[in-house]
2 protein chains.
Amino acid sequence: MSQQPGQAADAPADQPSLHRVLVDGIRDMIVCGELESGERVPEAFLCRRFGVSRTPLREALKVLSVEGLVQLRRNRGAIVTPVDPDRLRDIFETKGALEHFIGLHAASRATDADLARIDALHADLVGAERRADPGRYTRLNENFHLELARLTRNPELVQIYEALQAKVLRARFMINVDPARVRESLGEHEAIMTALRARARLDLAERLVAHNERTSEAMLRLLGDAPG
Amino acid sequence: MSQQPGQAADAPADQPSLHRVLVDGIRDMIVCGELESGERVPEAFLCRRFGVSRTPLREALKVLSVEGLVQLRRNRGAIVTPVDPDRLRDIFETKGALEHFIGLHAASRATDADLARIDALHADLVGAERRADPGRYTRLNENFHLELARLTRNPELVQIYEALQAKVLRARFMINVDPARVRESLGEHEAIMTALRARARLDLAERLVAHNERTSEAMLRLLGDAPG
DNA sequence: TCAGCAAAATCTGAATGCAAAATTGTTGCC
DNA sequence: GGCAACAATTTTGCATTCAGATTTTGCTGA
């Protein structure tokens with residue numbers, strides 16, 4: 001959501017294909033909650049919003065359907081996939097399976113430069129929490145975990161991880177994160193960094209999985225209070 | 001074309017959308033090797049092949065691009081994603097992460113009926129090997145592992161697993177599987193079934209991961225002899 | 001023979017048009 | 001007042017069309 005794609009006026013940007021702009025733009029709208037969970041999304045609405053014709057827009061909707069962010073029903077248009085606690089649990093579980101793998105392999109495949117970079121990210125994250133900057137915190141947090149995933153040097157895994165992250169992020173935007181949980185989470189990050197620096201495979205895997213589960217539990221609890 | 005939407009040749013009912021027919025159809029063409037690795041695929045060719053216009057076809061290509069089976073370059077058309085040993089290793093690694101999770105949770109979530117069904121699948125698989133029916137064997141083998149994945153009751157994971165399977169299957173169609181490896185593989189399946197019947201979580205996980213790694217090694221070895 | 005360049009043909013990206021399906025609004029009846 | 005049937009509007013699925021980019025072809029001259 002870094003740039004408002006509302007104008008067709010950004011035509012000079014001919015580098016990225018319109019199709020990609022739309023996929024990213026609509027994804028952001030969904031993740032940020034600008035399009036509400038379960039809401040019906042007429043093509044014409046998005047066409048006006050982005051100032052494009054239906055052809056590239058429909059291509060984008062098909063892609064987002066594969067990503068699971070919208071659901072398409074024949075002749076009945078698109079709806080934003082509802083955020084369902086059961087499905088979110090599935091997402092966290094699946095992400096957990098990847099976290100385990102990341103833990104087992106990140107330590108051995110990371111260079112010292114990698115570790116320094118992630119250490120810096122972690123420090124930024126602590127700073128964002130201190131300054132009570134939730135937007136920056138959330139972004140840095142996503143980045144921190146994504147960088148850990150990248151340590152596997154496995155693009156296939158990273159791509160899947162990113163898609164799962166997007167779905168989690170969507171749920172995160174729907175709830176008010178508990179500040180106490182944020183501090184707890186930072187403590188878990190500390191433990192993760194300790195294991196990573198020591199290149200302790202099993203420890204790292206265990207802590208990543210535990211962190212994922214804690215986060216899952218906290219989010220599902222909050223989602224229960226403020227569902228759909 | 002003169003093809004009216006209602007009678008798209010191989011669409012008996014009007015239930016499945018043309019778009020889905022195309023995605024499935026082109027995916028099959030790629031997986032089975034009918035479209036060769038790295039081959040350039042002009043839209044017009046596929047339009048003639050399926051008797052449709054470019055609009056739904058392009059939608060299908062965008063979807064397959066997200067699945068990673070084709071690569072789209074702006075203004076330069078689609079190419080079938082080359083089968084690369086490094087990428088295949090990544091795919092197996094990622095699948096391995098899921099296998100571990102499947103092992104940990106399949107046993108506890110499976111009903112007795114599930115076990116009976118998978119037992120039957122396993123028996124069929126043994127039969128297919130005995131009768132030296134490689135086509136049927138391959139299909140049953142995919143099914144066997146997919147059913148194990150389904151035991152997690154996690155649709156998110158199953159969807160990702162299926163996509164990974166498709167990519168593995170594509171590589172499998174490019175090589176001649178070693179009969180000795182097939183027998184070895186069946187032995188590993190036996191061990192998997194034993195652990196599953198005993199509902200031994202850790203055992204099952206370990207054996208699924210090991211089976212995945214053995215299969216990976218065997219395929220990568222064969223792929224080295226006859227590369228993309 | 002071959003490198004370099006220009007014109008033609010081909011291909012892709014995106015907009016528009018049209019028919020079928022679904023949604024909405026209205027009427028008539030109980 | 002409520003509800004079923006029907007007509008009008010909207011929306012979707014797909015084909016067709018247009019414009020721009022790319023690749024191929026064909027020519028020229030060294």
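Heavy-atom basis, side chains included; hydrogens, waters and symmetry copies ignored. Numbers restart at 1 for each chain; the letters A, B, ... are given by sequence-line order, proteins then strands.
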S.K.: Would you call B/Arg109-A/Glu93 a salt bridge at under 4.0 Å N-O?
M.R.: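 Yes, this pair counts.
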S.K.: If you take atom types as modelled and just measure distance, does the side chain of B/Thr55 reach the base of D/dA15 with a donor-acceptor pair under 3.5 Å?
M.R.: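 Such a pair is found, so the answer is yes.
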S.K.: Nucleotides 7-13 of chain C: which of its N/O atoms have a protein N/O under 3.5 Å away?
M.R.:
unit_1	atom_1	unit_2	atom_2	d
C/dT12	OP2	B/Glu43	N	3.3
C/dG13	OP1	B/Asn75	N	3.3
C/dG13	OP2	B/Arg58	NH1	2.4
C/dG13	OP2	B/Arg58	NH2	3.1
C/dG13	N7	B/Arg54	NH2	2.9
C/dG13	O6	B/Arg54	NH1	3.2

S.K.: Under the rule for side chain to side chain donor-acceptor pair (under 3.5 Å), what residues qualify as partners of B/His122, not counting sequence neighbours?
M.R.: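 Scan of B/His122 (side chain to side chain donor-acceptor pair (under 3.5 Å), adjacent residues dropped) gives B/Glu190.
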S.K.: Would you mind reading off the distance between A/Leu57 atom CG and D/dT11 atom C1', rounded to a whole angstrom?
M.R.: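 Going from CG in A/Leu57 over to C1' in D/dT11 covers 13 Å.
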S.K.: Counting only heavy atoms not in B/Arg214, do more than 12 fall under 6.0 Å of its CZ?
M.R.: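 Atom CZ in B/Arg214 is not packed in, count stays at 12 or less.
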S.K.: Rounded to whole Å, how long is the line connecting atom CZ of B/Phe50 with atom P of D/dC14?
M.R.: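 Interatomic distance, CZ of B/Phe50 to P of D/dC14: 14 Å.
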S.K.: Does a salt bridge link A/Glu217 with A/Arg221, judged by any charged N lying under 4.0 Å from a carboxylate O?
M.R.: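 No, this pair does not count.
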S.K.: Applying ring-ring contact (aromatic ring centres under 6.0 Å, His included), can you list everything that pairs with A/His145, at least two apart in sequence or on another chain?
M.R.: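 Listed in chain order: A/His189, A/His211.
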